[in-house]
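Worksheet for the structure shown next.
Indexing begins at 1, ligand by ligand and atom by atom, following the structure's order. Along the sequence shown, the residues carry numbers beginning at 1.
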Amino acid sequence: MTLQGTQRAMRRLAKGRLLLLAAALLGIATVACEKGTYSVDLFPEMHYNQSFKYGEPPRLSPPEDAVPVTGKAPALTPAEAAAARNPVARTASTVAHARETYRVNCAMCHGDLGKGDGAVGAILVRDGYLAPPNLTAAATQAKADGELYNTITNGVVVMPKFGKLLPDSDRWELVLLLRELARQ
Ligand code: HEC
């Protein structure tokens, strides 16, 4: 082989190596630049399994009728609230269910029949808070169903936000019950 032939062969070899190096760098960059999980999962092992990690307490599945507490409570805009119709029909069973929901969640403040005379209400007044209103009075009853639903969903001052505590249908049922209590 001549000297020139050897030089040409060496140049070809150098070009091939450069190309290989560029390809390797590109590959590393692709794998490394991905945020979070790796774009190319070379060794997934047990990383994504539903397994206990070191030091974690046991994970229990939620009870079947649990209410999710993450995410936004479905509150209505003022315009929607004014126009909303109660999606729950007034039947003996929905009213009875609402009475039970009310007894457990509301009666201690608003009173057994919604007159604003619950035992906790008296404590609120003693401590300088506003008294829970009489929900059967004209001031409350004049409000639209959607407005009452929003108050129950979002709470007011010391009144809890029931959007995170009761399912949607229970809160609409309570609106039904507030109308019912005013009739009694
Ligand atoms: C810790 C006591 C407490 C509990 C529990 C509570 N409330 Fe209230 N609620 C209040 C108080 C106090 C107000 C008045 C707040 C204000 O206007 O500053 C109020 C206001 C309201 C209003 C607004 C009335 C109006 O005229 O705008 C509605 C409707 C209502 N409550 C329904 C309920 C229902 C239904 C429940 C049960 C799911 C409930 N509340 C549970 C204390 C309570």
Non-hydrogen atoms of T140 and R179 that approach each other most closely: O-NH1, 4.3 Å
Determine the minimum heavy-atom distance between G111 and Y102, stating which atoms define it. O-OH, 2.6 Å
R171: which of V88, N150, L166, T151 passes side chain to side chain contact (heavy atoms under 4.5 Å, CB included): L166
Near atom 8 (Fe) of ligand 1, which protein N/O/S atoms are found at less than 2.8 Å? H110 NE2, M159 SD
Would you say the side-chain atoms of [X] pair up with the backbone N or O of [Y], donor to acceptor, closer than 3.5 Å?
| X | Y | value |
| --- | --- | --- |
| T94 | E173 | no |
| Q141 | L178 | yes |
| E80 | T77 | yes |

Nearest-neighbour protein heavy atom for [atom], which is reported as residue plus atom name and distance:
| atom | answer |
| --- | --- |
| atom 24 (C) of ligand 1 | T140 OG1, 3.6 Å |
| atom 41 (C) of ligand 1 | F162 CE1, 3.5 Å |
| atom 5 (C) of ligand 1 | N105 O, 3.3 Å |
| atom 16 (C) of ligand 1 | L130 CD2, 3.7 Å |

What are the atoms of ligand 1, with element, lying closer than 4.0 Å to any heavy atom of [X]?
| X | answer |
| --- | --- |
| V158 | 1 (C), 12 (C) |
| M108 | 5 (C) |
| V157 | 18 (O) |
| L174 | 38 (C) |

When rounded to the nearest 0.5 angstrom, what is the spacing between OG1 in T153 and CG in L174? 9.5 Å
Can you establish whether the number of heavy atoms outside Q7 located under 6.0 Å from its atom CD is more than 12? yes
Would you indicate whether R85, at its atom CZ, is surrounded by more than 12 heavy atoms from other residues, nucleotides or ligands within a distance under 6.0 Å? no
Determine whether the side chain, the backbone, both or neither of K143 has a heavy atom under 4.0 Å from any heavy atom of ligand 1. side chain
Have D168 and Y149 got a donor and an acceptor in their side chains that come within less than 3.5 Å? yes
